[in-house]
Protein chains: 2
Amino acid sequence: MAPTIHDVARLAEVSIKTVSNVLNDYPHVRPATKQRVLDAIATLGYTPNLTARGLRSGRTGLISLVIPDLRNAYFAELADTVMRAAEAQGLSVVIAQSGGERERELDLLRGTRARMVDGILFSALALGEQDHDVLAAVPRPLVLLGERVLHGPTDHVTMRNTEGARAATAHLLDQGRRRLVALGTTTGPAPGSAALRLEGYRQAHAAAAVPVDPALVVGVDGWFRSTGAAAVRDALSRGLTFDGVVAFNDALALGAMRVLQEAGRRVPEDVALIGFDDLDETRYSLPTLSTVDPGRQEIAEVAVRYLKERIDAGSAELPPRDHLTAFRVVVRESSSPVVAGATRPA
Amino acid sequence: MAPTIHDVARLAEVSIKTVSNVLNDYPHVRPATKQRVLDAIATLGYTPNLTARGLRSGRTGLISLVIPDLRNAYFAELADTVMRAAEAQGLSVVIAQSGGERERELDLLRGTRARMVDGILFSALALGEQDHDVLAAVPRPLVLLGERVLHGPTDHVTMRNTEGARAATAHLLDQGRRRLVALGTTTGPAPGSAALRLEGYRQAHAAAAVPVDPALVVGVDGWFRSTGAAAVRDALSRGLTFDGVVAFNDALALGAMRVLQEAGRRVPEDVALIGFDDLDETRYSLPTLSTVDPGRQEIAEVAVRYLKERIDAGSAELPPRDHLTAFRVVVRESSSPVVAGATRPA
DNA sequence: CTGAAAGCGCTAACAC
DNA sequence: GTGTTAGCGCTTTCAG
């Protein structure tokens with residue numbers, strides 16, 4: 001049986017209250033007493049029972065992070081960043097995977113497991129504005145990540161999707177490229193980031209007075225390497241001509257890159273490529289992949305801070321907040337400017 | 001305030017014991033009573049307080065998974081698989097990152113945070129046999145993953161490292177390749193998988209009666225794409241000749257592949273390449289990467305099962321167990337046999 | 001089959 | 001400064 005606060009108290013010849021005071025850094029404890037307690041803790045190898053503390057205090061120091069899928073590098077890197085930010089605040093993270101399925105996302109929000117955590121960081125994929133009421137009814141502090149559900153009842157932290165896509169698109173248009181594939185619109189019910197990024201793509205074209213050929217807007221069924229590859233393979237076989245690709249995430253871009261190379265298209269000479277997310281591996285592909293860095297660290301830090309503030313606020317109502325992070329266009333080899341003559345549409 | 005078991009009891013006009021019986025599927029409850037309780041639970045929206053349950057029962061339904069780093073795709077995929085296996089057993093997973101640092105690994109084993117979990121799945125990187133005593137003193141059920149610390153006081157689940165490396169090496173030797181780089185020995189204190197895989201590399205050479213040139217055994221500082229790339233870049237600049245690479249993980253192999261291609265070496269014609277881990281992305285590189293599938297799902301399922309058994313056994317002593325998973329050599333483009341004439345050492 | 005009551009280990013009024 | 005004591009919400013003997 002693990003030693004309890006009572007064992008420590010007995011050994012140190014004080015009451016349990018004094019032990020508790022020492023443990024919680026209560027200021028008014030005589031140094032000699034404190035030392036006796038500390039010694040007793042050391043000799044017994046006592047560690048507080050966090051479950052008991054959690055029951056008593058209503059806090060467990062645990063938050064959950066709900067993401068679609070860890071195998072997706074973006075979410076793995078997000079989870080990593082969130083865990084570091086959480087640890088800096090003394091919080092541990094329970095990760096739950098939703099698979100991006102709406103029912104599972106809803107279950108995880110309402111679920112009984114949610115009861116042992118102090119708060120939830122939620123990266124929704126399928127949930128939309130229609131679930132406003134479920135979000136509002138979550139019995140725990142909640143901060144939404146990623147998809148921007150405007151005017152929701154909770155905090156949101158996300159990147160400037162539209163502006164990021166606009167900048168990425170402008171980067172290619174500035175090179176004189178004129179037929180840019182927008183890779184990544186989805187047919188799913190949730191508009192989400194895809195619609196916002198497409199809007200940025202359009203805005204950049206409008207600003208450059210370049211018309212958008214609707215045929216260049218290519219849909220996919222999920223943002224994976226495989227779907228990016230399939231979409232580009234299909235586009236090539238349809239005879240679509242293009243000299244650039246704005247992929248809505250890096251996985252799509254990497255899948256596209258592979259197919260383009262197989263088809264004998266040179267990147268970036270024939271087709272320039274830019275993605276979104278700034279995954280680690282974009283630094284290691286051949287060629288290295290240009291991308292939009294969404295400010296992952298800022299997302300994680302702000303989200304954890306918002307959540308912590310809500311947890312600390314207890315039942316006091318905090319107004320919902322929105323935070324949009326700064327993004328950065330990272331130009332690597334896949335979109336580095338090449339000599340003009342090489343950029344004829346493929 | 002969230003409703004408690006008392007509120008439910010009051011509304012259903014029964015005692016809290018009866019509510020508890022219903023919640024825990026205690027068999028001898030009259031159907032009518034049970035229904036009344038269920039109705040009361042539904043109207044109040046009651047969910048049990050897991051912290052209280054945890055305090056009382058000594059079980060939280062939480063396990064922790066300690067891994068070096070989620071940004072490493074192998075561990076992200078392992079975490080994904082572990083979480084699915086855990087969920088099937090009704091367990092949630094708290095992930096903690098050790099960074100592969102010994103001090104942090106030790107802290108996580110002894111740490112106070114460990115007190116809220118029922119057990120620990122531990123993927124050690126720096127810990128070795130010298131930490132036998134710490135492992136034995138962990139106050140929770142513990143299952144080790146990955147590195148094979150023989151004769152430890154705990155359960156271990158890992159792949160057949162030596163056999164896997166031997167098979168991978170034999171696969172290249174069988175093609176008539178004779179100068180194979182072993183990429184991934186480490187100078188760190190822990191022998192770990194690197195030594196076992198090197199042993200497999202040697203065994204395959206011995207079995208094929210091919211001498212091993214010590215110059216072909218290439219060390220790295222960590223198993224990343226960057227270190228794999230750097231090591232191969234260095235080998236090429238030293239003028240090392242080789243016609244195959246057995247990389248000790250996929251990240252190393254992918255880094256190596258990039259450098260080889262930059263240097264104008266064709267894969268697999270000039271240099272055949274095989275890795276370890278069967279990462280998702282090995283299916284999407286150009287060329288696709290041959291690899292050794294370590295049986296990740298089996299690792300996760302057995303590890304979670306072992307841990308669950310220890311948790312359920314309570315204080316009853318279970319003897320330490322070892323489980324070695326079945327591996328599989330996955331031949332993809334990077335090591336597909338090519339015409340004999342093309343396989344001259346580079 | 002159901003109720004009363006104890007207590008898991010801890011924190012925090014409240015006394016002294 | 002330190003001790004006493006009452007619960008946090010639940011499970012679980014033990015009666016009935």
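In what follows, chains carry the letters A, B, and so on, assigned in the order in which the sequence lines appear, proteins first and then strands, with residues in each chain numbered from 1. For the numbers below, each heavy atom of this structure counts, side chains included, while hydrogens, waters and symmetry mates do not.
A salt bridge links B/Glu309 with B/Arg321: the closest approach of a Lys/Arg side-chain nitrogen to an acidic carboxylate oxygen falls below 4.0 angstrom. No salt bridge links A/Glu77 with A/Arg84; every basic N to acidic carboxylate O contact stays at or beyond 4.0 Å.
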Does the pair B/Thr325 and B/Glu301 meet the rule for a side chain to side chain contact (heavy atoms under 4.5 Å, CB included), with working shown? CA-CA 11 Å; B/Thr325 59; B/Glu301 280 168 2; over 6 Å; no
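Atom CZ of A/Arg10 and atom P of C/dC10 are 12 Å apart (whole Å). What separates CG of B/Asn24 from C1' of D/dT13 is a distance of 15 Å, to the nearest Å. Rounded to a whole Å, the CZ atom of A/Arg59 is 18 Å from the P atom of C/dC10. Rounded to whole Å, atom P of C/dG9 lies 15 Å from atom CG of A/Leu23. In this structure, the NZ atom of B/Lys34 is 12 Å from the P atom of C/dC1, given to the nearest Å. What separates CD1 of A/Ile5 from P of D/dT2 is a distance of 15 Å, to the nearest Å.
Contact of A/Arg53 with C/dG9 (side chain to base): no donor-acceptor pair of N or O atoms is detected under 3.5 Å. For a distance-only test at 3.5 Å, the side chain of B/Arg56 qualifies as a donor-acceptor partner of the base of C/dG7.
Taking the nucleotide of DNA chain D with the nearest heavy atom to each of A/Ser15 and B/Lys17, the more 5' of the two is matched to A/Ser15. The residue among B/Glu13 and A/Tyr46 whose nearest nucleotide of DNA chain C lies closer to the 5′ end is B/Glu13. Of the residues near DNA chain C, A/His6 and B/Ile16, the one whose nearest nucleotide (by heavy atom distance) lies more toward the 5' end is B/Ile16.
Contact annotation: A/Arg30 side-chain N/O to D/dG1 OP1/OP2 distance is not under 4.0 Å. For D/dG1, the OP1/OP2 oxygens have no side-chain nitrogen or oxygen of A/Asn21 closer than 4.0 Å.
Within 4.0 Å (heavy atoms only), B/Ser57 reaches no atom of the nucleic acid at all. Using a 4.0 Å heavy-atom cutoff across all strands shown, B/Thr33 reaches sugar-phosphate atoms only and no base atom.
Within a 6.0 Å sphere centred on CD of A/Glu13, other residues, nucleotides and ligands contribute 12 heavy atoms or fewer.
Here the side chain of A/Arg310 pairs no donor or acceptor atom with the backbone of A/Gly119 at under 3.5 angstrom.
For A/Leu55, counting side-chain heavy atoms from C-beta on, the closest listed nucleotide (D/dC8, D/dT11, C/dC10) is D/dC8.
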